[in-house]
*Asks:* 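Before I ask anything, let me first share the structure, which is written out below as structure tokens.
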Protein chains: 2
Amino acid sequence: MGQAIETVRELKHVVVREHVRSLVQGAAPGTPAPSERELVSQFGVARMTVRQALDALVVEGLLERMPGRGTFVARPRRSRAQVASFTEAVARRGHLAESTTLLARTEQAGPGVARALEIESGDTVVHWKRIRRAGGETVCLQDAYFDAAVLPHLLEGPLPESLYAVLAERGLRPTWSEDSIQADLAKPDERDHLEITDSEPTPVLRVSRRALCGDLVVEVSRAVYRTDRFTLHLQLGTGR
Amino acid sequence: MGQAIETVRELKHVVVREHVRSLVQGAAPGTPAPSERELVSQFGVARMTVRQALDALVVEGLLERMPGRGTFVARPRRSRAQVASFTEAVARRGHLAESTTLLARTEQAGPGVARALEIESGDTVVHWKRIRRAGGETVCLQDAYFDAAVLPHLLEGPLPESLYAVLAERGLRPTWSEDSIQADLAKPDERDHLEITDSEPTPVLRVSRRALCGDLVVEVSRAVYRTDRFTLHLQLGTGR
DNA sequence: TAGTGGTCTAGACCACGAA
DNA sequence: TCGTGGTCTAGACCACTAA
């Protein structure tokens, strides 16, 4: 699609599309959009051009066609499965996410981390180890790694709470993640960090994540969750 | 989209689309597809019709247009996050999924199941309890519930291995799921069913799922996984 | 220069839904 | 019956790429 040209020459189907979009913004689902033939006479364009404009909005999920009836504002789709960060997952539960950094430094990537990040063994990576809290309670011990070349200077200032927020600012918000999830018993050092005081063996969740933005691996992490304080909620699928 | 008509009258753009799809199936990424004008003369249709056919394949992610160069087989996109059934998850690991039904009957929905299925308490539901195996090994104990009105007659014949396959046949393939995941220790009866012989407390994964097709809840389930034999692999996000 | 996809026209007939 | 979206035609000019 000649997207780059849009800002230079106003293509007709773009003009129609944006006009309809502005009409439809904020309208209640079910509100009828102008009919195709209406737009044809209004803009003096061919019907195929109008259809091209409306097709784009239908694909976007803004409009819905109903053969024989018309075109209408679609009811908002179920949001697509998002890759949520810990901070966001906690916020969704109405709590504040906090963390204590145990370690934040650059390292030479070992073979495992390098393979997961799709970089060369020995390349410089940032290793960030944190205890993470939700609403004041310790729930998670996390080791995160990312390519130092992807997020340079992160370690120079004060560390952020949310890595994903920083990634988002740089246009690298993860759009895809591959998670592996297992149950296990907490190991002694994990019990300490997670403030587990049971005398019994305590089950924990282990979550390995590879987070990608497009084809770029932006983070790999391993996390241990106190399952008594944190249930993993995941949404999968395409919403339709 | 007049999808229902496709099988009745062979729409021209569908004919062209499926012809191109068959040419392109299995071709290496970068392989050129026939040019639009080639298809025009080959099928004796208008170019807009050919474009409609190719547009569909581009949206599907099968083809890629390169202005001035041509249309090519796209490198496979990261598949969108799918709601995978147990059967599919096991198949992806290269194993055969099997199961033993412990219970399969209709019940009156209790308040919890009714709320999860978005039906009335007391409505008839099917309760299906199974031990599930991957490559011959017992990995999961699952209780599934679904609205008897959504899948009538399921209990009348031999039970299928994959519920999702049955749902797919009826156009009810889940497109969305909400999973809650916790770690826990196996309870005595679960140890029996899962053939756990450790003398130690054994961690297991508990997964609750609500699976939807559009806005219809088609299944709710609770499953207990032997985490030593089965790691949950999940893909999240939109792929791009 | 020749071929490609991107855009656009000015019509047409059809099936379907609502009145 | 009339208006809707779905399909389809037979052309056209453009910008871009590659030879």
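If you're wondering where the values come from, they're calculated on a predicted model, not measured in any experiment. Every chain is numbered from 1, with letters handed out A, B, ... down the list of sequences.
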*Asks:* With a 4.0 Å cutoff (strictly under), does any side-chain N or O of A:Arg51 reach OP1 or OP2 of D:dG6?
*Replies:* yes
*Asks:* Does the pair A:Lys12/A:Glu18 count as a salt bridge with the N-to-O cut at 4.0 Å?
*Replies:*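 Between A:Glu18 and A:Lys12 there is no salt bridge, as every charged N stays at least 4.0 Å from the carboxylate O atoms.
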*Asks:* Taking only residues two or more places apart in sequence, or in another chain, which ones meet B:His127 in a ring pair (Phe, Tyr, Trp, His ring centres under 6.0 Å)?
*Replies:* B:Tyr145
*Asks:* Can you measure B:Gln52 atom CD to C:dG5 atom P for me and round it to whole angstrom units?
*Replies:*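 After rounding, the reported distance stands at 17 Å.
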*Asks:* Given D:dA18, is OP1 or OP2 found less than 4.0 Å from the side-chain N or O atoms of B:Arg69?
*Replies:* yes
*Asks:* For B:Glu38, check salt bridge (charged side-chain N to carboxylate O under 4.0 Å, His left out) against everything at least two apart and list the hits.
*Replies:*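 Partners of B:Glu38 under the salt bridge (charged side-chain N to carboxylate O under 4.0 Å, His left out) test: none.
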*Asks:* Nearest to the A:His13 side chain among C:dG5, C:dA18, C:dT7, which nucleotide is it?
*Replies:*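 Minimum distance to the A:His13 side chain belongs to C:dT7.
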*Asks:* With the side chain of B:Arg65 defined as its heavy atoms from C-beta on, choose the nearest nucleotide among C:dT7, C:dG5, D:dG6.
*Replies:*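 When the side chain of B:Arg65 is considered, C:dG5 is the closest of C:dT7, C:dG5, D:dG6.
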*Asks:* Using atom CZ of B:Phe72 as one end and atom P of C:dG5 as the other, report the distance to the nearest whole Å.
*Replies:*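 That distance rounds to 8 Å.
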*Asks:* Distance check needed: D:dT4 C1' versus A:Met66 CE, whole Å only.
*Replies:* 11 Å
*Asks:* CG of B:Leu63 versus C1' of C:dG6: gap in Å, rounded?
*Replies:* 16 Å
*Asks:* For A:Phe230, what residues pass the ring pair (Phe, Tyr, Trp, His ring centres under 6.0 Å) criterion, not counting sequence neighbours?
*Replies:*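 A:Phe230: ring pair (Phe, Tyr, Trp, His ring centres under 6.0 Å) contacts with A:Phe86, A:Tyr225.
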*Asks:* Could you tell me the separation between the CD atom of B:Glu38 and the C1' atom of C:dG3, rounded to a whole number of Å?
*Replies:* 11 Å
*Asks:* Could you work out, with side-chain hydrogen bond (donor to acceptor under 3.5 Å, both in side chains) as the rule, every residue matching A:Asp179, not counting sequence neighbours?
*Replies:* A:Ser177, A:Arg209
*Asks:* Quickly work out the A:Arg37 CZ to C:dC14 C1' distance and round it to whole Å.
*Replies:* 11 Å
*Asks:* Distances under 3.5 Å only, N/O to N/O: pair up the protein atoms with those of nucleotides 9-11 of chain D.
*Replies:*
{"unit_1": "D:dT9", "atom_1": "OP1", "unit_2": "B:Lys12", "atom_2": "NZ", "d": "2.9"}
{"unit_1": "D:dT9", "atom_1": "OP2", "unit_2": "B:Ala46", "atom_2": "N", "d": "2.6"}
{"unit_1": "D:dT9", "atom_1": "OP2", "unit_2": "B:Thr49", "atom_2": "OG1", "d": "2.7"}

*Asks:* Expressed in angstrom and rounded to an integer, what is the separation of A:Leu39 atom CG from D:dT4 atom P?
*Replies:* 11 Å
*Asks:* Given D:dG5, C:dG5, D:dC8, identify the nucleotide with an atom nearest to the side chain of B:Pro67.
*Replies:*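 Side chain of B:Pro67 sits closest to C:dG5.
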*Asks:* Is any side-chain nitrogen or oxygen of B:Ser35 closer than 4.0 Å to OP1 or OP2 of C:dT4?
*Replies:*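 The answer is yes; a side-chain N or O of B:Ser35 sits under 4.0 Å from OP1 or OP2.
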*Asks:* What is the distance from CG of B:Asp55 to P of D:dT7, rounded to the nearest Å?
*Replies:* 12 Å
*Asks:* Who pairs with B:Ser180 by side-chain hydrogen bond (donor to acceptor under 3.5 Å, both in side chains), at least two apart in sequence or on another chain?
*Replies:* A:His233
*Asks:* Can you tell me if A:Arg132 and A:Gln142 form a side-chain donor-acceptor pair at under 3.5 Å?
*Replies:* yes
